[in-house]
2 protein chains.
Amino acid sequence: MDGKIVNLKSKIEIYKAMTDGANFADCPVRDVISGINGKWSPLLVMALAEKPYRFGELRRLVPDISQRMLTQTLYDLQRDGYVHREVFPTKPPSVEYSLTDLGRSMFAPLQMLVQWAELNHDAVREARAAFDAAQT
Amino acid sequence: MDGKIVNLKSKIEIYKAMTDGANFADCPVRDVISGINGKWSPLLVMALAEKPYRFGELRRLVPDISQRMLTQTLYDLQRDGYVHREVFPTKPPSVEYSLTDLGRSMFAPLQMLVQWAELNHDAVREARAAFDAAQT
DNA sequence: TAGAGCTGGTCTCTTTTTGAGACCGCCATT
DNA sequence: AATGGCGGTCTCAAAAAGAGACCAGCTCTA
């Protein structure tokens, strides 16, 4: 990642990249995508892209995540190298989570998708309403 | 979507877009994202971006999806307005699935993410191996 | 000094989502 | 008459996610 996205591949090449691999299960692209396509991963990455946060801060920032899923999602993000976890030996030890370079490099493409969602959520809502009405 | 993505928002604005809404559940951006962030949705969208496919063709193209999940994922994509479903009254009626304009407009941002995944899957694999080794 | 609260978690239990695979009627081919 | 493709639905088991109790260690307040 040198900051610019050039040489976009053709659609069929991109699709092949998603179905590559000796057997289907270990296609590298799907392997990576699945890690950032969980229910909470994108939200946490976007939050940490702003600035590092402590565990409790993230909990308050994202009030509808359960503590269990916050722990687990952060663990998974750390394992895949997107998030750095640092423990500070304060009286009640505090833990700070921050994005690594790899995590930061994901921000741009993720932002595109979020921005697309923002631009198109009206269209999606209308489509949904029309579909449900037609199903009467 | 007029083909160009301009005026990128600041990180904090993007995060706010993901946490907007009276209560957390109906944040528009998360509502939309959740629809395209399933296990199979991105793959099917990428496949249909190439050209329309019939049900059985998609099944063969993506051999590790179960019939149940293919049915359901296509249904959800149709409901959200990404996919058009057309039934042809042939002897065994055939059903063709194709991307709508809305679905096509999603291709660009999705492609960015896939491309990022392709570029960075080595880094992710290394991070994972290092993490697992450190956990000994 | 006793109680309550904050720190970042783990553990158990229940509900929801997903996956595997059997089954369906219809029709064409063999 | 049996086989296979067509696009599904239905059932049941497994996996993932959510709710909430519990934990030790420390600090502040009454």
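Atom set for the values below is all heavy atoms of this structure, side chains included, hydrogens, waters and symmetry mates excluded. Below, read A as the first sequence line, B as the second, and so on, with proteins coming before strands; counting in each chain starts at 1.
Taking the charged nitrogens against the carboxylate oxygens, Asp76(A) and Arg79(A) have no contact shorter than 4.0 Å, which rules out a salt bridge.
The CD atom of Gln67(B) sits 13 Å away from the P atom of dC10(D) (whole-angstrom rounding). Here dG7(D) presents its C1' atom at 11 Å from CG of Leu74(B), a figure rounded to the nearest Å. For Asp64(B) and dG21(C), the CG to C1' distance is 16 Å, given to the nearest whole Å. The distance between atom CD of Glu86(A) and atom C1' of dG8(C), rounded to the nearest whole Å, is 16 Å. If you take CD of Glu57(B) and P of dG7(D), they are 8 Å apart, rounded to a whole angstrom. Note: CG (Leu58(A)) to P (dC6(C)) measures 17 Å, nearest angstrom. At whole-Å resolution of the value, CG in Asp76(A) and P in dA16(D) are 10 Å apart. Across the protein-nucleic acid pair, Asn37(A) atom CG and dA16(D) atom C1' stand 14 Å apart, rounded to whole Å.
At least one side-chain nitrogen or oxygen of Lys39(A) sits closer than 4.0 Å to the OP1 or OP2 atom of dG18(D). Taking only side-chain nitrogens and oxygens, Trp40(A) never comes nearer than 4.0 Å to OP1 or OP2 of dA17(D).
Hydrophobic clustering of Ile, Leu, Val, Met, Phe, Trp and Tyr side chains at less than 4.5 Å, counting indirect connections, keeps Leu74(B) apart from Phe88(B).
Nucleic acid contact class of Arg59(B) (heavy atoms, under 4.0 Å, all strands): none. Using a 4.0 Å heavy-atom distance criterion, Phe88(B) is classed as making no nucleic acid contact. Among the atoms of the strands shown, only primed sugar atoms or phosphate atoms (P, OP1, OP2) are found under 4.0 Å from some heavy atom of Tyr97(A). Residue contacts shown for Gln72(B) are absent, as no nucleic acid heavy atom lies under 4.0 Å away.
Of the residues near DNA chain C, Gly56(A) and Ile65(B), the one whose nearest nucleotide (by heavy atom distance) lies more toward the 5' end is Gly56(A). Taking for each of Met69(A) and Ser94(B) the nucleotide of DNA chain D with the nearest heavy atom, the 5'-most of the two is the partner of Ser94(B).
Here the nucleotide nearest the side chain of Arg68(B), chosen from dA22(C), dG18(D), dG19(C), is dG19(C). The nucleotide whose nearest atom lies closest to any side-chain atom of Ser66(B) is, among dG8(C), dT7(C), dG19(C), dG19(C).
Asp31(A) is listed as a side-chain neighbour of Arg125(B), based on a closest heavy-atom distance under 4.5 Å. Side-chain contact between Ile36(B) and Val45(B): absent, with no pair of heavy atoms (C-beta onward) separated by less than 4.5 Å.
Note that the CG atom of Asp64(B) and the CG atom of Leu43(B) stand 8.0 Å from one another [nearest 0.5 Å].
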